[in-house]
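Comments concern the structure below.
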Amino acid sequence: MTVSIRPFHPGFAGEVSGCDMTQPLSREDVAAIDAGMDTYAVLVFHDQRITDEQQLAFTRNFGTLEVSGIGNITKPHEYRLKPEMIDVSNLDREHKPLPLDDRRRMFNLGNRLWHSDSSFRAIPAKYSLLSGRIVVDKGGNTEFADMRAAYDALDTETKAEIEDLICEHSLIYSRGLLGFTELSEEERAKFKPVRQRLVRRHPVTGRKSLFLASHAGGIIGWHMPEARAFLRDLIDHATQPQFVHVHKWRQFDFVMWDNRQTMHRVRRFDETLVRDVRRTTVAGDAPTAEQVQAA
Ligand code: OGA
Ligand code: MN
């Protein structure tokens, strides 16, 4: 088995062939996929009829797994999947669509805003891997923005201004944008803001990218309204059509992206229908900025 990659856009998002995730991968294939991620930042695989175990085994080729718990308000006893599988479906434990007014569903609607996975963790995620087990025919596309190209397209003054800026990221901010503000004390403590650099450099390619997400709700040393207006401008800039790849799901598609170099969002769909998508996440290896120590 030898993987090959055909780019969708010059340098951004590739379609992989010659990979069967039901089988162990050779070292060469793992290296080719890793190199493809460095170059294209998003990789799309088709016809991967995999189990959760096979998805976990494939993911472990690329690093340590992140586990559920900190990224949502779903309680462990409500989990449909094991904790290493991040449930991004609209389903409850009985595999039925959550009622439209369910608090967990409301919270998960945050995925409709542009974001980078786990930017609200002190060590943000490296890769996310999403398996489309049951997809919908209409809507529910996942869109990806190339944050390297978006950075490159900034003018010199803006690049200089943002070079050393540090943002504060929290689920409280992204959910606040949707008017979801009712959080318990415990939830607020769990979602305490973390610091992230606004400009990151890729450790292998050396390319710089904008590290943004709807979770970003402040810039250290800036007045909040000014920070938020600027972050909004930057997200608008970065998500212009020339930087975006749209993935329209077919059943058993598998999409893998580099959260250090991209943002993504899911588009609206009929949530009375089943959309069973399951994510595994490769943890990052270091914080992007120094965190403030809790007193
Ligand atoms: C995710 C996510 C988008 C989707 O898995 O991190 O944001 O299409 N999913 O469900
Ligand atoms: Mn996501």
Side-chain angles (χ1 to χ4, degrees), residues 13 37 41-45 48 50 52 55-56 58-59 62 65-74 79-81 83-91 97-98 104-121 124-147 169-171 173-175 177-178 191 196 211-216 235 238-239 244-271 273-284:
M37 288 296 285
V42 178
L43 293 177
V44 174
F45 305 71
Q48 303 297 326
I50 49 171
D52 289 355
Q55 179 167 350
L56 288 166
F58 178 81
T59 304
F62 304 100
L65 293 165
E66 249 182 31
V67 294
S68 290
I70 181 171
N72 54 52
I73 55 168
T74 308
Y79 288 173
R80 185 175 68 103
L81 309 173
E84 296 84 5
M85 303 293 303
I86 314 290
D87 196 356
V88 263
S89 76
N90 59 334
L91 306 175
L98 290 163
R104 293 164 290 175
R105 186 183 93 84
M106 295 294 152
F107 190 87
N108 295 342
L109 283 175
N111 282 339
R112 296 248 294 267
L113 305 179
W114 286 106
H115 65 282
S116 174
D117 289 332
S118 298
S119 77
F120 49 79
R121 288 184 189 238
K126 183 180 182 186
Y127 297 157
S128 290
L129 303 92
L130 190 61
S131 166
R133 307 293 174 86
I134 301 175
V135 298
V136 291
D137 290 335
K138 239 176 89 188
N141 294 345
T142 309
E143 299 183 340
F144 297 91
D146 185 347
M147 303 304 280
H169 290 236
S170 167
L171 284 159
Y173 300 139
S174 50
R175 274 44 187 180
L177 291 172
L178 297 178
F191 300 149
Q196 305 290 359
F211 191 44
L212 283 168
S214 304
H215 310 310
I235 290 181
T239 56
V244 171
H245 173 71
V246 177
H247 180 70
K248 187 168 170 27
W249 290 88
R250 299 202 310 239
Q251 193 179 19
F252 306 123
D253 277 353
F254 187 95
V255 184
M256 176 170 180
W257 62 89
D258 185 341
N259 289 293
R260 302 167 303 179
Q261 318 198 68
T262 59
M263 282 200 296
H264 61 280
R265 66 171 176 180
V266 62
R267 302 315 305 271
R268 188 164 182 249
F269 63 97
D270 179 352
E271 291 218 31
L273 303 174
V274 171
R275 182 174 186 266
D276 187 351
V277 287
R278 305 182 184 195
R279 192 180 93 205
T280 40
T281 315
V282 175

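Below, all heavy atoms of this structure are taken into account, side chains as well, without hydrogens, waters or symmetry copies. Note that this is a predicted model, so its numbers are computed, not measured. First listed ligand is number 1; within each ligand, the first listed atom is number 1.
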Closer than 4.0 angstrom, basic N to acidic O: yes or no for [X] and [Y]?
{"X": "K248", "Y": "D137", "answer": "no"}
{"X": "D87", "Y": "R278", "answer": "no"}
{"X": "R121", "Y": "E66", "answer": "yes"}

Taking the six-membered ring for Trp, is the centroid-to-centroid distance between W257 and Y127 below 6.0 Å? no
Could you tell me if the side chain of F45 sits less than 4.5 Å from the side chain of L129, heavy atoms only? no
To the nearest 0.5 angstrom, please state how far the OG1 atom of T262 sits from the CZ atom of F211. 9.5 Å
Give, for atom CZ of R104 and atom CG of L109, the distance between the pair rounded to the nearest 0.5 Å. 13.0 Å
Protein N, O or S atoms lying under 2.8 Å from the Mn ion (ligand 2), listed by chain and number: H115 NE2, D117 OD1, H264 NE2
May I have all residue pairs that pass salt bridge (Lys or Arg N to Asp or Glu O under 4.0 Å) and include part of residues 106-115, sequence neighbours excluded? none
Show me the pairs that pass salt bridge (Lys or Arg N to Asp or Glu O under 4.0 Å) and involve residues 249-262, at least two apart or across chains. D258-R260
Between ligand 1 and the protein, tabulate every N or O atom pair separated by less than 3.5 Å, reporting distance only.
residue: ligand 1; atom: 6 (O); partner: D117; partner atom: OD1; Å: 3.0
residue: ligand 1; atom: 6 (O); partner: D117; partner atom: OD2; Å: 3.0
residue: ligand 1; atom: 6 (O); partner: H264; partner atom: NE2; Å: 3.3
residue: ligand 1; atom: 6 (O); partner: R279; partner atom: NH1; Å: 2.6
residue: ligand 1; atom: 7 (O); partner: H115; partner atom: NE2; Å: 3.1
residue: ligand 1; atom: 7 (O); partner: H264; partner atom: NE2; Å: 3.1
residue: ligand 1; atom: 8 (O); partner: T142; partner atom: OG1; Å: 2.5
residue: ligand 1; atom: 8 (O); partner: R275; partner atom: NH2; Å: 2.8
residue: ligand 1; atom: 10 (O); partner: R275; partner atom: NH1; Å: 2.8

